[in-house]
Each structure stands twice: as C-alpha cells, then as structure tokens.
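Keep in mind the model is a prediction, meaning the values are calculated, not measured.
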Amino acid sequence: MALPSHPARRGRPAAQDLPTRKAQLVAVAADVFSRQGYDQTSFAAIAREANVSVKTIYAWFDGKAGLFRAVTDHFASRIEPAARALLESDGPPQEALRRTATMAIEFALSPQLLAFQRAVIGASAENPAIGGEYNRNGPMRGYAVIGGYLERCHQRGALYVPDVPTAIDVFLGLIWGDALRMRLIDVAAPPLTSAEVTERARRGAALFIALHAPMGA
C-alpha cells in the first residue's frame, strides 16, 4: 500500500494533509510489521512501500518504538469506538453483548491482527517492553470499554457483575476460547466461517448472561 504521491507539489505537505498521510503510513507499517515481525522490519522497507523517505518516518514518529506505538493505536482505534457504540444502549444486555461478541471475534481472528500479535509475541521474547506496550495501548483499551458497560449493567440491575475484571475474562473466554489460541499458533488453521462466528457469538453471549443473571431472576 503506497501513499498517494503529489508530483506537482514541492516542499512539505499542507498541514491539513498531515493527519491523513500519517494514518496511511501507519496502515502500511501495520502491514509490514505483520508480515516481517518487529525486529526484521526496517524503516527502509516501510518507506519503500509507503513511498516516503526514511527521514520523514523518523520526523513523524521518532524511531521504531514510536511507530510501533502508532500501529498499536491504529488497531485499537478500529475496535474501541465501535465497541463503545455497540455498548451505549441501556436496553437488555444480551443483544448488545451478542453484537459486541461478533465484532470482537471477527477482529481478533482477522489475519492481519493475528499476524501482528505473532510479531509482538516474537519481539517480546527479547524486549518485554514491546508486549507491555501492546497490551496497554491495544487490548486493555477494549477491555476497559467492556468493563465499563458491565459495571453500568450491574449498577442498574440488568446483570449481576460484582467482579468486573473476572467477568471480562469470562466473556472473552466464552467468545474466543481455543479458536484464538489455535490460530495464533497454527498459521495454517482455517478461518472461522460467518456461520461459525455468528453461532459462537450467540452462544457466548447467552452463556455469559446465564452466568451473570441478576440476583433473584
């Protein structure tokens, strides 16, 4: 994926173009990190695919760690706002959780995110800070959205969730289970079909509701 070029333009891009161009560069970097891994990814490779200079990448992101942080935010920014939108409702929680489960399964098991997570795992063996950075700026942001929703459900009596962190673990375990672990380890494992995603989300949400029904319900 290459950034759009502007052969007639000279000098720095207009200020209003910078956010778009940075976002496009981050998307390219996400693809390269996913394919090549953290340690093997060079700014030269990203610059070549993004059609920008290495100097520009350094100026925008201040090194590989800064760019990696931006890539992590790129993935988080795709899931966090969508999860918030799905979990804004004060209606019965089963439908909101089913829809959130569907989105979370599709996102977590997408080929690019699986590949990126493998890159993070591989890099973390030599540099544990990389894994910590990914967790804080990626998954934990999504978990916080789910946790906030479960806490609100508990407060209004729609669910009984006295231990929110454990409830998040239960919810994600029910919807992801071995499907995520298997595909992180086995690159050749087939993707879930649409029907499998739908059924896994429906079943996981229903089981979670049954486990956390309000007291006396």
Side-chain angles (χ1 to χ4, degrees), residues 30 34 71-121 124 131-132 134-217:
S34 298
V71 170
T72 299
D73 185 70
H74 161 78
F75 284 113
S77 66
R78 288 166 54 189
I79 190 73
E80 186 181 6
R84 288 190 186 280
L86 289 174
L87 295 174
E88 282 179 347
S89 171
D90 286 334
Q94 182 153 342
E95 180 61 15
L97 289 175
R98 184 194 64 78
R99 292 169 63 192
T100 301
T102 301
M103 179 184 63
I105 294 167
E106 291 175 340
F107 182 71
L109 273 65
S110 65
Q112 189 184 38
L113 187 58
L114 286 170
F116 185 69
Q117 289 183 91
R118 293 186 198 106
V120 171
I121 293 168
S124 295
Y134 173 75
N135 273 332
R136 286 189 299 274
N137 293 314
M140 296 308 297
R141 288 168 56 179
Y143 300 169
V145 174
I146 297 172
Y149 175 75
L150 295 178
E151 187 172 349
R152 293 194 302 274
C153 286
H154 179 74
Q155 290 172 349
R156 63 188 174 89
L159 292 173
Y160 180 66
V161 192
D163 183 349
V164 171
T166 298
I168 296 171
D169 286 343
V170 170
F171 179 67
L172 296 177
L174 287 171
I175 66 173
W176 289 339
D178 275 353
L180 177 58
R181 180 195 59 79
M182 179 191 305
R183 284 160 180 80
L184 276 174
I185 296 172
D186 184 0
V187 178
L192 294 179
T193 66
S194 177
E196 288 171 332
V197 170
T198 298
E199 177 57 19
R200 179 176 283 270
R202 183 203 64 76
R203 185 176 64 247
L207 286 170
F208 184 85
I209 294 292
L211 289 169
H212 294 85
M215 298 293 285

Audit row: Glu151, Val161, side-chain contact (heavy atoms from CB on, under 4.5 Å) steps and yes/no: CA-CA 7 Å; Glu151 187 172 349; Val161 192; over 6 Å; no
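- The two residues Met103 and Ala82 come nearest to each other via the heavy atoms SD-CB, 3.3 Å.
- Note: Leu113 CG to Phe107 CZ = 5.0 Å, rounded to the nearest 0.5 Å.
- Residues Tyr149 and Thr100 fail the side-chain proximity criterion, which asks for heavy atoms closer than 4.5 Å.
- Between Ala104 and Ile175, the shortest heavy-atom contact is CB-CD1, 3.9 Å.
- Taking the side-chain contact (heavy atoms from CB on, under 4.5 Å) definition, one finds that Pro162 meets it with His154, Tyr160, sequence neighbours left out.
- Applying the side-chain contact (heavy atoms from CB on, under 4.5 Å) rule to Ala206 yields the partners Gln94; only residues at least two apart in sequence or on another chain are considered.
- Contact detail for Gly157 and Pro214: the closest heavy-atom pair is O-CG, 3.3 Å.
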Which pairs would a plain distance check flag for residues 139-147, meaning a side-chain donor or acceptor within less than 3.5 Å of a matching protein atom at least two apart in sequence or in another chain?
residue : atom : partner : partner atom : Å
Arg141  : NE   : Glu80   : OE1          : 2.9
Arg141  : NH1  : Asp73   : OD1          : 2.5
Arg141  : NH1  : Asn137  : O            : 3.3
Arg141  : NH2  : Asp73   : OD1          : 3.4
Arg141  : NH2  : Glu80   : OE1          : 2.8

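- Sorted by first and then second residue, the pairs that involve residues 97-118 and meet salt bridge (charged side-chain N to carboxylate O under 4.0 Å, His left out), not counting sequence neighbours, are Glu95-Arg98.
- Thr166 pairs by the side-chain hydrogen bond (donor to acceptor under 3.5 Å, both in side chains) definition with Asp163, not counting sequence neighbours.
- Considering only residues two or more places apart in sequence or on other chains, Ala119 meets the side-chain contact (heavy atoms from CB on, under 4.5 Å) condition with none of them.
- Checking side-chain atoms of Glu196 against main-chain N and O of Thr193 turns up a donor-acceptor pair under 3.5 Å.
- Judged as a salt bridge (charged side-chain N to carboxylate O under 4.0 Å, His left out), the pairs with a partner in residues 164-189 (not counting sequence neighbours) are, in order, Asp178-Arg181.
- Considering all non-hydrogen atoms of both residues, Ala30 and Gln112 come closest at C-NE2, 3.9 Å.
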Stepwise side-chain contact (heavy atoms from CB on, under 4.5 Å) test for Thr198 and Thr102: CA-CA 6 Å; Thr198 298; Thr102 301; 5.6 Å; no
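- Residues satisfying the side-chain contact (heavy atoms from CB on, under 4.5 Å) test with Val120, not counting sequence neighbours, are Phe68, Phe116, Ser124, Ile130, Tyr134.
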side-chain contact (heavy atoms from CB on, under 4.5 Å) between Leu180 and Ile105, worked out: CA-CA 8 Å; Leu180 177 58; Ile105 294 167; over 6 Å; no
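- The two atoms that bring Gly138 and Thr72 nearest to each other are N-CG2, 3.7 Å, heavy atoms only.
- Pairs of residues two or more places apart, or lying in two chains, that qualify as salt bridge (charged side-chain N to carboxylate O under 4.0 Å, His left out) and include a residue from residues 197-212 are Glu199-Arg202, Glu199-Arg203.
- In this structure, CD1 on Ile209 lies 11.0 Å from CG on Leu174, to the nearest 0.5 angstrom.
- Screening residues 188-208 for ring pair (Phe, Tyr, Trp, His ring centres under 6.0 Å) gives Phe171-Phe208, Phe208-His212 as the qualifying pairs, with residues at least two apart or on separate chains.
- By the salt bridge (charged side-chain N to carboxylate O under 4.0 Å, His left out) test, Arg136 pairs with Glu133, sequence neighbours left out.
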